[in-house]
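First comes the structure, then the notes that go with it.
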Protein chains: 2
Amino acid sequence: MTDFLNQIKYEGITSRLKRLSDVLLYSTKDLYRAEGLIIEPNWNLIFRLLQEKGEMTITEMSETLQFSHPAVVKIVNKMKAEGYITAAIDSKDKRKQVLSLTQKALQDIPKYEVYWNAGIRVIEEIFEDSPNILEELSKIELKVKELDYKQRVLLKIK
Amino acid sequence: MTDFLNQIKYEGITSRLKRLSDVLLYSTKDLYRAEGLIIEPNWNLIFRLLQEKGEMTITEMSETLQFSHPAVVKIVNKMKAEGYITAAIDSKDKRKQVLSLTQKALQDIPKYEVYWNAGIRVIEEIFEDSPNILEELSKIELKVKELDYKQRVLLKIK
DNA sequence: ATATTTTATGTAACTGGTTACGCAAATGTA
DNA sequence: TACATTTGCGTAACCAGTTACATAAAATAT
């Protein structure tokens, strides 16, 4: 943190949040590469989701993870290419892809879980001075969902 | 927030931070576009920096804002193209660009400040249940700087 | 004085996300 | 039954960042 960023307070918070998530993201990629793991950030979310639910469609995933659907399409396509996900057409609705984990996924997940679990402990460690961060984040997400940033700014001005 | 994201707790925090900063970013762009303002997110940081310091180089800016230098180059080039920044070669060091605000910048800033200040009040409003967020963010940034995420994960595993 | 290393900056390629658009299948309605 | 609307999802173009690499100038060391 530089003096300037401290001084401008809330004005710099958006880019600092972006930078923090970027730092974690690139460091995660670096970790996987260095350890020779053929996975990418966010795949753990999909793996866990499918482990829990068994089968899911793109739209269900995007709603559950709060990602845009094209983002989910990209992630899922990479995971298919790596042989971790298979797709079947829904018998009642031909538009839907029913996605599920492959045998290879079930085989490899335990190896990856070592890293994911260590990662969670590191996050807990890094955020230890912010013990309520998850509840606070939920409140913030709710607020911007109820009335977005742009509308709030316009309300303040008019 | 979905049940699933609540349930996985710290495992989803990186992508939630990314999403939050994205939401704020795109909403800011949307605001500027809707109001016909010919500026972009982050320009306010550069404007404020140059107002305070008068002159700065690319490298000084990237250190102060904690952005990579190519990121600063991109932002500054756009601001030059819009006529808000001029560059002069440093007399002692020909590699350096000494950047400063143009007359047009000084003229237009008051108009933009209305939006930036309203934006700050909105951020305060959105983060009102996280009153210590700035101090907490500083601590987190310091921690990942001291020892990055990847190294911390490897330490936990070995 | 010359060779080496460091610094300032620019450029290219890539990242995980987004919005915008298109299309076909399913659903609702006249 | 026909037509209009909604839904699922694929693709393209874009976005603000990043890392990796190149180059020239400055600083340092020999």
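Labels below follow one simple rule: chain letters A, B, ... track the order of the sequence lines, proteins then strands, and each chain is numbered from 1.
The interatomic distance linking B/Ile89 (CD1) with C/dA8 (C1') rounds to 11 Å, in whole Å. Following rounding to the nearest Å, B/Asp148 (CG) and D/dT19 (P) show an atom-to-atom distance of 11 Å. Atom NZ of A/Lys94 is separated from atom C1' of D/dT7 by 16 Å (rounded to the nearest Å). As a whole-Å value, the separation of A/Ile58 CD1 from D/dT11 P is 11 Å. B/Asn77 places its CG atom 12 Å from the P atom of C/dT9, with the value rounded to the nearest Å. With rounding to whole Å, A/Leu65 atom CG is found 11 Å from C/dT18 atom P. Atom-to-atom, CD of B/Gln66 to C1' of D/dA16 comes out at 17 Å; the value is rounded to the nearest Å. Distance A/Glu60 CD to D/dC9 P: 8 Å, rounded to the nearest Å.
The NZ atom of B/Lys53 sits 14.5 Å away from atom CG of B/Leu99, with the distance rounded to the nearest 0.5 Å. Here the CG atom belonging to A/Asp129 is positioned 12.0 Å from the CG atom belonging to B/Leu137, to the nearest 0.5 angstrom. The CG atom of B/Asn44 sits 10.5 Å away from the CD atom of B/Gln51 when rounded to the nearest 0.5 Å.
Side-chain atoms of A/His69 and base atoms of D/dG8 include no donor and acceptor less than 3.5 Å apart. Contact of A/Lys74 with C/dG17 (side chain to base): a donor-acceptor pair of N or O atoms is detected under 3.5 Å. Checked by distance alone, B/Arg95 brings no side-chain donor or acceptor within 3.5 Å of a matching partner on the base of C/dA8.
Comparing A/Ile75 and A/Ser91 by the nucleotide of DNA chain C whose heavy atom lies nearest to each, the residue mapping closer to the 5' end is A/Ile75. Comparing A/Asp93 and A/Lys78, the nucleotide of DNA chain C nearest to each residue sits closer to the 5' end for A/Lys78. For A/Ser15 and A/Lys80, each mapped to the nucleotide of DNA chain D holding its nearest heavy atom, the one lying further toward the 5' end belongs to A/Lys80. Between B/Pro70 and A/Glu63, the one whose closest nucleotide on DNA chain D sits nearer the 5' end is A/Glu63.
Using a 4.5 Å cut-off between side-chain heavy atoms of Ile, Leu, Val, Met, Phe, Trp and Tyr, with links allowed through other members, A/Leu106 and A/Trp116 fall into the same hydrophobic cluster.
Aromatic ring centres of A/Tyr32 and A/Tyr115: separated by at least 6.0 Å.
Contact annotation for A/Ser62: no contact, since no heavy-atom pair falls under 4.0 Å across all strands. Note on B/Ser68: a base of the nucleic acid sits closer than 4.0 angstrom, heavy atoms only.
Remark: B/Lys18, B/Asp22, B/Tyr26 in residues 18-51 of chain B come within less than 4.0 Å of DNA chain C through at least one heavy atom.
Using a 4.5 Å heavy-atom threshold, the side chains of A/Thr64 and A/Leu49 count as touching.
Under the 30°/60° scheme for interplanar angles, the aromatic rings of B/Tyr84 and B/Tyr112 are found to stand perpendicular.
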